[in-house]
Amino acid sequence: MNTKLSFLFLTFSIIVLSGCASGPTYNEYASSIPAMTSDSARIYVYRTSTLGTAIQPKIKINGEVVGKAVPQGFFFVDRPAGSCEISASTEVKRSLTLGLEPGDERYVRLEVKMGLFAGHIKPVLVDNAVGKKEITKTKYIGK
Amino acid sequence: MLMTSCSANQIILQSQFVPSDASLLFKLQENVTVKAANARPSILNAGTHWMQVGFIDQGNVYKAKDQIVIVNSFNVHEGYIVVNDSVVVGYYLPVENTFIESKPTQINIQKLELSNEY
């Protein structure tokens, strides 16, 4: 009985972890992050949750694909000042709208929400203090 | 003024935003909870600083300098708060240029000298 349970747990763990980010941790990678130019703003996008590991939609900014919602992963993009829509689509599109000013640093957490047939990924703008803390639990997944 | 959408009880209106000539800085004296229909409440934290950036028909528009304000419903929108006669009446969404009505809530803000405290 215990052997069966252990096998099931091991199988489940492999399934969950195989879909997670595998790059350097934020703390390992932080020193490699380049400074942004003075006329741009930086958006950090991260997902801490492993819930719904199979759901990894592309993340778009103003319609352009900039990354993917990998569990326990993060990436960043620099954008010029102005209006910005960050979106993720599964069975429906969920989006976040925000304004960017030169020098801004914004943190966007990708939350997993229940859907009718598939989970949804919802981008949520968080306070910088919250984002700076939460992103340390994630790994760099590139662009 | 044109009513553009009204899903359930959330009232969304197109706005004509007029920027302020001079930015005025204020400090929030007490926590305030702002609640719009079909959205999670926003807590505005005591001690945070707010810049009056302009006005719309519904009131003066304030942008937080040290906290994020969002309208968190099915989608998420960054928002500024709209105050009329010391009462928060809603959010102004700068990207969409719209006003979302909230439950009226008293607010206590103190005007600061720009060079003074911030």
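Since the structure is predicted, the reported quantities are computational estimates derived from the model, not experimental observations. First the proteins, then the strands, lettered A, B, ... as listed; each starts at 1.
- Cluster membership check: Leu110(A) does not share its hydrophobic cluster with Val65(A), using side-chain heavy-atom separations under 4.5 Å among Ile, Leu, Val, Met, Phe, Trp and Tyr.
- Considering all non-hydrogen atoms of both residues, Val76(B) and Leu125(A) come closest at CG1-N, 4.5 Å.
- For Lys113(A), the part sitting under 4.5 Å from any heavy atom of chain B is the side chain, from C-beta outward, and nothing else.
- Linking ILVMFWY residues whenever their side-chain heavy atoms come closer than 4.5 Å, directly or via other members, leaves Val82(B) and Val95(B) in distinct clusters.
- Counting non-hydrogen atoms of other residues, nucleotides and ligands closer than 6.0 Å to CD1 of Ile33(A) gives a total above 12.
- Linking Ile, Leu, Val, Met, Phe, Trp and Tyr residues whenever their side-chain heavy atoms come within less than 4.5 Å places Val124(A) and Ile55(A) in a single cluster.
- Under 3.5 Å, the side chains of Thr97(A) and Glu78(B) contain no donor-acceptor pair of N or O atoms.
- Heavy atoms of Val130(A) lying under 4.5 Å from chain B are absent altogether.
- Summarising the geometry of Asp127(A) relative to Ile68(B), their closest heavy-atom pair is OD1-N, 2.6 Å, with the distance given to 0.1 Å.
- Donor-acceptor pairing under 3.5 Å is recorded for the side chains of Lys122(A) and Asn72(B).
- Around CG of Asp39(A), the count of heavy atoms belonging to other residues, nucleotides or ligands within 6.0 Å exceeds 12.
- Across Ser83(A), Ser95(A), Ser87(A), the residue that shares the most heavy-atom pairs under 4.5 angstrom with chain B is Ser95(A).
- In the hydrophobic clustering of ILVMFWY residues, with side-chain heavy atoms under 4.5 Å counting as a link, Val88(B) and Phe55(B) come out apart.
- By the rule that hydrophobic residues join a cluster once side-chain heavy atoms approach within less than 4.5 Å of another member, Met51(B) and Tyr92(B) end up as members of one cluster.
- Nearest approach of Asn75(B) to Lys93(A), heavy atoms of both residues: OD1-O, 3.8 Å.
- Rounding to the nearest 0.5 Å places NE2 of His77(B) at 9.5 Å from CD of Glu85(A).
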| said: Let's go through Val92(A) and Phe74(B) carefully: what are the C-alpha distance in whole Å and the side-chain angles of both, what is the deciding distance for side chain to side chain contact (heavy atoms under 4.5 Å, CB included) to 0.1 Å, and is it a yes or a no? | reply: CA-CA 11 Å; Val92(A) 293; Phe74(B) 185 80; 3.8 Å; yes

